[in-house]
Structure formats: C-alpha cells, structure tokens
Amino acid sequence: FRSQAVKYCKESVDLYIKIEDIVGQARAYNNLAIAFSDMGDWSQASQAYQQSLEINQQIGNIQEEGFVANNLAQIYLDRGELDEALKLYQESDAIWVQLDAAFFEGITSSNIGQVYIYQAEFDKARDRLAHSEDLFTQVGSEGFLPELERRWGEYYLRTGELDQALAHTQ
C-alpha cells in the first residue's frame, strides 16, 4: 500500500514537471515526502520536503513554506540534528508571526521549545513553551494542549522538578 503511494506520488511529480506546473510540483513533492515518511524512509522524505520547500520559496508561497519547513524540521529533530531542526523551526515560526497565524505559531513555538529541551537550554525552552501555551489559550485551541503538557512534563523532568513533571503528565 505505502509503496504504491510512493509510486503514484512520483508519477504526480513527473506529470507536474512535464506540464511545467510549479505549484503542482511543490504539492506533489510534499505528498511524496509524506509517503516516504509513512514508510520510514527519512532520507527520501527529507529530500522531497527540501524540493517542496525550495519551490515554495521560489514562488513565494509563504504559507506552504511554513508548513513544509516545520515538517522537514521534525525529520531533522527525529534524526538528532538539532541545529538544523532549530533553524527550520525558526524559519517556520517567523512565517507564522508574519501571517499572524497564532495557532501555527503556537505549534512551532512548542516544537522550538522541544529542541531547546534536548539542547539543555532550559530557560529558552520554558519561554517557548509558555509562549506556545499563551497562543493556544488566545485562540481557544484545546487540541494541541495534551502534546504541550507532555512537553512541559519533559521539561520539568529534565530540570529535576519531578513533582511538576508528574503534574503535567497525569
């Protein structure tokens, strides 16, 4: 099933290249990256996301650039490439601030906080998680709060505040 998805996504990329539809190419590369991610092929996924990111930057599709940068950053984070993940998350964050998209800024801010936790930059992590929480409260979003609570729990665990860690994970 997943290999069929990759095959169809590759065909889609080829088709959009053939008809010179640059917007379609960006979307097709993004879909290909998702298909590779579902298969656990992080190298191919990151290459496809990079293609999509570059095209979106080229055509000025800033919103898609924000989404793709965030997705690509997650792959780098999962691979332990924290500096590259942070760079991409910060690019995505700047886009959401520019677009005044508080919900997506909240997600990205939380992701940046997670990178800072892994880098043992706890003051920066706390500030980013708190900013994310403020944004989610501002927009009335309850959907991402459980993930944010998990990150708070990880923050408190790593800073040795075990009571707080338990409070945020229960």
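All heavy atoms count here, side chains included; hydrogens, waters and symmetry mates do not.
Hydrophobic cluster membership differs between L88 and L77, with clusters built from Ile, Leu, Val, Met, Phe, Trp and Tyr side chains linked at under 4.5 angstrom. Y8 and Y16 are members of different hydrophobic clusters when ILVMFWY side chains are connected at heavy-atom separations under 4.5 Å. L72 is not connected to Y89 by any chain of hydrophobic side-chain contacts under 4.5 Å among Ile, Leu, Val, Met, Phe, Trp and Tyr, and they are in different clusters. Put simply, I59 and V13 are part of the same group of oily side chains (I, L, V, M, F, W, Y) that touch within less than 4.5 Å, one to the next. Cluster membership check: I17 shares its hydrophobic cluster with V6, using side-chain heavy-atom separations under 4.5 Å among Ile, Leu, Val, Met, Phe, Trp and Tyr.
A salt bridge is defined here as a Lys NZ or Arg NE, NH1 or NH2 lying under 4.0 Å from an Asp or Glu carboxylate O, and R126 with D123 meets this definition. A salt bridge is absent between R151 and E154: the closest approach of a Lys/Arg side-chain nitrogen to an acidic carboxylate oxygen does not fall below 4.0 angstrom.
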Identify each donor-acceptor pair in which a side-chain atom of residues 27-39 lies under 3.5 Å from a protein atom, sequence neighbours left out, and give them as a table.
{"residue": "N31", "atom": "ND2", "partner": "R27", "partner atom": "O", "Å": "3.4"}
{"residue": "S37", "atom": "OG", "partner": "A33", "partner atom": "O", "Å": "3.0"}

Acceptor/donor pairs from residues 128-137 side chains to any protein atom, 3.5 angstrom cut, sequence neighbours excluded:
{"residue": "R128", "atom": "NH1", "partner": "D93", "partner atom": "OD2", "Å": "3.2"}
{"residue": "R128", "atom": "NH1", "partner": "S109", "partner atom": "OG", "Å": "3.3"}
{"residue": "R128", "atom": "NH2", "partner": "D93", "partner atom": "OD2", "Å": "3.3"}
{"residue": "H131", "atom": "NE2", "partner": "E105", "partner atom": "OE2", "Å": "2.8"}
{"residue": "S132", "atom": "OG", "partner": "G106", "partner atom": "O", "Å": "2.6"}
{"residue": "E133", "atom": "OE1", "partner": "W152", "partner atom": "NE1", "Å": "3.1"}
{"residue": "T137", "atom": "OG1", "partner": "E133", "partner atom": "O", "Å": "2.9"}

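Q74 and D78 share a side-chain donor-acceptor pair at under 3.5 Å. For the 3.5 Å distance criterion, the side chains of W96 and S92 qualify, holding a donor opposite an acceptor. There is a side-chain donor-acceptor pair under 3.5 Å between E54 and Q50.
Considering I112, N111, I95 as possible partners of Q90, the one that fulfils the side-chain contact (heavy atoms from CB on, under 4.5 Å) test is I112.
Although no hydrogens or angles enter the test, the distance criterion places a donor-acceptor pair under 3.5 Å between the side chain of S46 and the main chain of W42.
In terms of heavy atoms, F144 sits closest to S110 at CE2-OG, 3.8 Å. Scanning all heavy atoms of the two residues, the minimum distance from Q119 to L86 falls at OE1-CD2, 4.0 Å.
Aromatic ring centres of F67 and F104 lie closer together than 6.0 Å.
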